[in-house]
K.L.:
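Below you'll find the structure I mean.
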Amino acid sequence: MRTIGIIGAMDEEIVLLKEKAEITSVEHLLGLDFYRGKLYQKDIVLVRCGIGKVNAAACVQVLVDRFSVDCIINTGVAGAIYHRLQIGDIVISHDAVQHDMDTSVLGDPVGIIPRMEESYFHADKRLMALAKKAGEQMETKHNIFLGRIASGDQFISTKPQKQRIWNTVGGYCAEMEGGAIAHVCYLNQIPFVIIRSISDKAEGEAGMDFAEFVHIAAKNSGELVENMLRLMTEEEKNSPQN
Ligand code: ADE
């Protein structure tokens, strides 16, 4: 992987990586700042895409077209859907889906994008394995799950919303960008992985929990991504081609 696109939706989700990286230039496109730089000797383009699926999708296409990234890592926070997830835990995407894609009145299961071959977009196996290893090497220990990321243009904060996501698409956690990032990566045939740390339980006090835990959860996710880049560099140094 030569150039890695790293996306967070909010400042909180990219601040740690921006501090750790050696930023060499900034380009302003679509009202977004694309930071080129190096992190653990890897070339990166780091960007805050803004909240929601459309912002995320547009940002991925810029990363592909203008920055020629070879893969995309999405880092950030999410609300827990799977009951075993606790605040601070991390979900590594096995795949991602858009839980608000709903043409069920026409006979399609929720989440299915009509007339497309794929609707559950698979994360890259190598990136998933690297993320798992990176998670095991984190200083603070969290439970790490490999699971489905469910995305929609909604902040999930009630039991019925949460139950619906679990029952319809089987998402482990809910957020607002990953499914769109995965979709655009699929269209461009670019490998991706989504890393999300839990900031709230997507019900009851979700709004207040989010405000309280967004920083710590964003930090957890960023730390895992940082470890991923370090491991990538280590693995490439040890590979027989080098
Ligand atoms: N991101 C963090 N928590 C979330 C929630 N409960 N719903 C949607 N996106 C989120």
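Whatever order the structure lists them in is the order used to number ligands and atoms, beginning at 1.
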K.L.:
Starting from the N and O atoms of ligand 1, find every protein N or O within less than 3.5 Å and list the pair with its distance.
P.N.:
| residue | atom | partner | partner atom | Å |
| --- | --- | --- | --- | --- |
| ligand 1 | 3 (N) | Gly79 | N | 3.2 |
| ligand 1 | 3 (N) | Asp200 | OD2 | 2.6 |
| ligand 1 | 6 (N) | Ile156 | O | 2.9 |
| ligand 1 | 6 (N) | Asp200 | OD1 | 2.9 |
| ligand 1 | 7 (N) | Ile156 | N | 2.8 |

K.L.:
Hydrogens and angles aside, do Asn227 and Arg230 bring a side-chain donor and acceptor to less than 3.5 Å of each other?
P.N.:
yes
K.L.:
What residues, two or more places apart in sequence or in another chain, satisfy side-chain contact (heavy atoms from CB on, under 4.5 Å) together with Phe213?
P.N.:
Ile87, Asp209, Ile216
K.L.:
For a quick test of reading the model, state the closest non-hydrogen atom pair linking Asp100 to Asp153 and the distance between them.
P.N.:
OD2-N, 2.9 Å
K.L.:
Taking only residues at least two apart or on different chains, which pairs with a member in residues 7-60 satisfy ring-ring contact (aromatic ring centres under 6.0 Å, His included)?
P.N.:
Phe34-Phe67
K.L.:
Can you name the ring pair (Phe, Tyr, Trp, His ring centres under 6.0 Å) partners of Tyr120, sequence neighbours left out?
P.N.:
none
K.L.:
Pick from Ile81, Val110, Thr158: which one makes a side-chain contact (heavy atoms from CB on, under 4.5 Å) with Arg164?
P.N.:
Val110
